[in-house]
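Predicted model only: the values in this text are computed from it and were never measured. Naming convention: chains lettered A, B, ... in sequence-line order (proteins, then strands); numbering from 1 in each chain.
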Amino acid sequence: MRIGRRDFLKLAAAAAAAGRLAPAALAALKEVLAGREAPRVIWLQGAGCDGCAVSLLNSIHYATADELLLNTLDVKFQSNVMAAAGDLAVNAAEAARVQPGYILIVEGAIPVGADGRYCRLWTGTSMQAGLQSYAANAAFIVALGTCACYGGVSAGAPNPTTARGVGQLLGNDSRLINVPGCPAHPDWLVGTLTYLLTHQQLPPIDAHRRPLEFFGRRVHDQCYKRHKLCGTTPLADRLGEEGCLEYLGCKGKKTYSDCPLRRWNSGGQGKYGVNWCVGARGPCLGCVNPNFPDGMSPFYVYSPTP
Amino acid sequence: MPTTITIDPLTRIEGHLDIEVTVDRVRGQQQVVSARSGGSMFRGFEMILIGRDPRDAGPYTQRICGVCPAPHAMAACLTLDHAFGVTPPENGRILRNLVLGANFIDSHLLHFYHLSVLDYVNTAGLLDRAPWVPRYSAPDMVGGATAQTLVSHYVTALHMRRKAHQMGALFGGKLPHVGSFVVGGCTETVTSEKIAEFRSLLSEIRDFITNVYVPDAQLLGELFAAYYNLGRGHGNLLAFGGFDLNASGSSQFFPAGRYTAGAAGSFDPAQIVEQVTSSWYTDACGNRHPSQGLTEPDADKPAAYTWCKAPRYANLPHELGPLARMWVKNAYNRGISAMDRIVARALECRLLADAMNQWLDELLPGAPTYTPSAVPSQAAAAGLTEAPRGGLGHWIEVSNGLISRYQVVTPSAWNASPRDQLNQMGPIEAALIGLPIADLNQPVEVLRVVHSFDPCMACAVHLLRPGQRPGEQRVQVRVGSSTRRLLCAASERR
């Protein structure tokens, strides 16, 4: 049942062989993991759906969820999986908070309306107050999912709870990295955490503070359904047809992510996923974008082929 | 001397839940004499939907919940099918059922092994690090070889539930939040390769359900037999019906029905009302059918203690979920209790997984999965189905081709509901009354009973908006003593 640290390193080597972790990074990771305690993580959930946490449980390409939880990370507070509840859980979070240097993962948006009362972490602590307090001692802050990054669906107009992304509340904090997506792909989080742990600094990021490794290329340019990839791939006239979905609402031209290549719900170590939205002939919703959902909807349109 | 303990956050659920129980000595035994269930997060989803394209309801409502997105996609698509007057082809109906089924299996495995089992198992020496420490160590927790087995199954189940998502993604595009469900069917197509891939994963998962999950649930029942007599609650069960087996939905794998005050009954959606006596909404929002619902948040409402409303059937609280479904289906009738919920959930999982294997045979490779349709100018419709946690309903009104009203009533809203206008407790609250508590500092009994319902609080707390002119949003938010009225033209947003 138990997977030792040595096994994890073997798996990391497999990931490196798959071309995603540079050998130098892998060596650094070995050093990091051999030389110190497992990195501490505090995971707070605001106004969201817990879908990013569930998505992380689907992790396998770099490492599986049990490897991450049992061997790699020291997850001091994560409401979905932790054994403790109530005061016992809150005390664990508070004890971890007073020791600086942890990675703070924030999932869900932060409602600031009604003095933060639209979402509380526990009695007496709103998500808004909790974020400020837990950000103070964090070495890195990972905003996980589009809600935490930019407000996302929780901040959809008319934004009834005045929901905000982490960056909107903390400003241009040099410790902050955004890993958006609705939900975030597990590889995007695990890959980002690996970089943070091995380099002790943020990976190269874009203007929206997203890691370029995952969000550096346009969906349409990597999509095998795009119009001009070859002469035989037509534009789809209606949903369910083979072809480029540009005129049916697909946001692939406005969206930067590696979904077309990485795909979703991988079945094995080092393997990419079995499907993705456009792979299933549904339009890309542009869910990793800072202006998702309002700037990306309507998601479906019946526009005639030009 | 009564003592009140608050468990906030109540962890190992989806979303934000707090439970407050008052414990006192009754006939020499320390037990719960009063209970309150509170939802502590509110987003206002249905308000966000106003003025949007009706076809966007699926992508939006899925994002109510990352644990049960497919049921929301299903409910939204059924609602839109009815509103648009379109019937999906057989392949489309079956694909939706298969993806929904994959989400059921994922959710049930996650619930038993990752959300529930830690309430019963002493993991000392097995899981000696965060997030499994700190932990409770009640004397009745099972240890030794049994604990070792259950913890090893905890790890295996992580992989099995991942494979359930992988299976669902074959036809759903991805999970969580499927990309292929649309009004009129499903955009993904059927190939013999995909059927074979699905069946291969399902076969492995069915093996785990039959040979590991069901026996583990039954073993838990033997080891903690007292819980067959604890956590009963009101004893009223309600199923909306789900997994349509034909195009009209006249035949369903889980039939609709109820069991009220000891007698079987039929289900009439018109009998659903929502109450807000104990909820942070103005009194005008109470006593309404979901199709006519109204919500104005009032964060300062005296005596209110939750963002969750109180749905009732014929004014009576009812419990929704696998036990209710299995009871109505005549597939389980041992009793109503915390342990019956756990065992019925496992048996339901096996029954459903077996049926999914047959549904795969009904798929026709290459045949259509989607029927095109046009957005109606005006429409009103409902879509009722079953989610892992129980019956789920969506209601829509379309005006001038845009959503003018949208309402979602989730199973956890029923189960985690607060007291209503008749001062009747919600099902979870009622199930806690009389529960013996051995150690006030380790209220594992409360966790066991609450977890038996598998509450999903991001789902439970929702909001609908007042009737209004299309294109105009009217949101009343009370902050302190001042009332702000926000008017927002849809045209400015789009």
Which atoms form the tightest heavy-atom contact between [X] and [Y], and what is the distance?
X: A:Gly86; Y: B:Ile7; result: N-CG2, 3.8 Å
X: A:Pro298; Y: B:Asp56; result: CA-OD2, 3.1 Å
X: A:Ser266; Y: B:Gln166; result: O-OE1, 4.0 Å
X: B:Arg129; Y: A:Leu70; result: NH1-O, 2.6 Å
X: A:Ala85; Y: B:Leu447; result: CB-CD2, 4.0 Å
X: A:Ala83; Y: B:Tyr136; result: O-CE1, 4.1 Å

Kindly indicate whether the side chain of [X], heavy atoms from C-beta on, has any atom under 4.5 Å from the side chain of [Y].
X: A:Ser297; Y: B:Arg52; result: yes
X: A:Phe299; Y: B:Val182; result: no
X: A:Cys49; Y: B:Val67; result: no
X: B:Pro59; Y: A:Tyr300; result: yes
X: A:Asp66; Y: B:His159; result: yes
X: B:Met47; Y: A:Pro158; result: yes

Heavy-atom pairs under 4.5 Å with chain B are the metric here; pick the option from [options] that has the most.
options: A:Leu121, A:Val41, A:Asp50, A:Leu285; value: A:Asp50
options: A:Cys182, A:Ala84, A:Cys147, A:Ala92; value: A:Cys182
options: A:Ser126, A:Ala65, A:Ser154; value: A:Ser154
options: A:Leu73, A:Val90, A:Val75, A:Asp74; value: A:Val75
options: A:Ala47, A:Gly46, A:Gly240, A:Gly48; value: A:Gly48

#### Entry: Heavy-atom proximity to chain B below 4.5 Å, by part of A:Ala163
neither
### Task
Take A:Arg117 and B:Asp300 through the test side chain to side chain contact (heavy atoms under 4.5 Å, CB included) and record every step on the way to the result.
CA-CA 10 Å; A:Arg117 281 181 292 172; B:Asp300 296 318; 2.9 Å; yes
Supply the atom-to-atom distance [X] [atom1] to [Y] [atom2], rounded to the nearest 0.5 angstrom.
X: A:Leu57; Y: B:His114; atom1: CG; atom2: NE2; value: 7.5 Å
X: B:Thr189; Y: A:Glu242; atom1: OG1; atom2: CD; value: 7.5 Å
X: B:Asp18; Y: A:Trp122; atom1: CG; atom2: CH2; value: 13.5 Å
X: A:Thr161; Y: B:Phe42; atom1: OG1; atom2: CZ; value: 7.5 Å
X: B:Lys174; Y: A:Trp264; atom1: NZ; atom2: CH2; value: 5.0 Å
X: A:Leu69; Y: B:Tyr154; atom1: CG; atom2: OH; value: 6.5 Å

#### Entry: Engaged part of B:Glu197 at the chain A interface, taking heavy atoms whose separation is under 4.5 Å
side chain
### Task
Counting only heavy atoms closer than 4.5 Å, note whether B:Pro134 contacts chain A via side chain, backbone, both or neither.
both
Most chain A-contacting option - heavy-atom pairs closer than 4.5 Å, from [options]:
options: B:Thr369, B:Leu115, B:Leu175; value: B:Leu175
options: B:His165, B:Arg135, B:His177; value: B:His165
options: B:Leu201, B:Leu170, B:Leu10; value: B:Leu170

#### Entry: Residue among B:Arg63, B:Arg43, B:Gln62 satisfying side-chain contact (heavy atoms from CB on, under 4.5 Å) with A:Val153
B:Arg63
### Query
Is there a donor-acceptor contact under 3.5 Å from the side chain of A:Asn80 to the main chain of B:Arg12?
no
### Query
Sub-3.5 Å donor-acceptor pair from the side chain of B:Tyr370 to the main-chain atoms of A:Arg238, do we have one?
no
### Flag for A:Asn265-B:Arg162: side-chain donor and acceptor within less than 3.5 Å
no
### Message
Just to be sure I understand the criterion: a residue of residues 273-283 of chain A counts if one of its heavy atoms is under 4.5 Å from a heavy atom of chain B. Which ones qualify?
### Response
A:Val274, A:Asn275, A:Trp276, A:Cys277, A:Gly279, A:Ala280, A:Arg281, A:Gly282
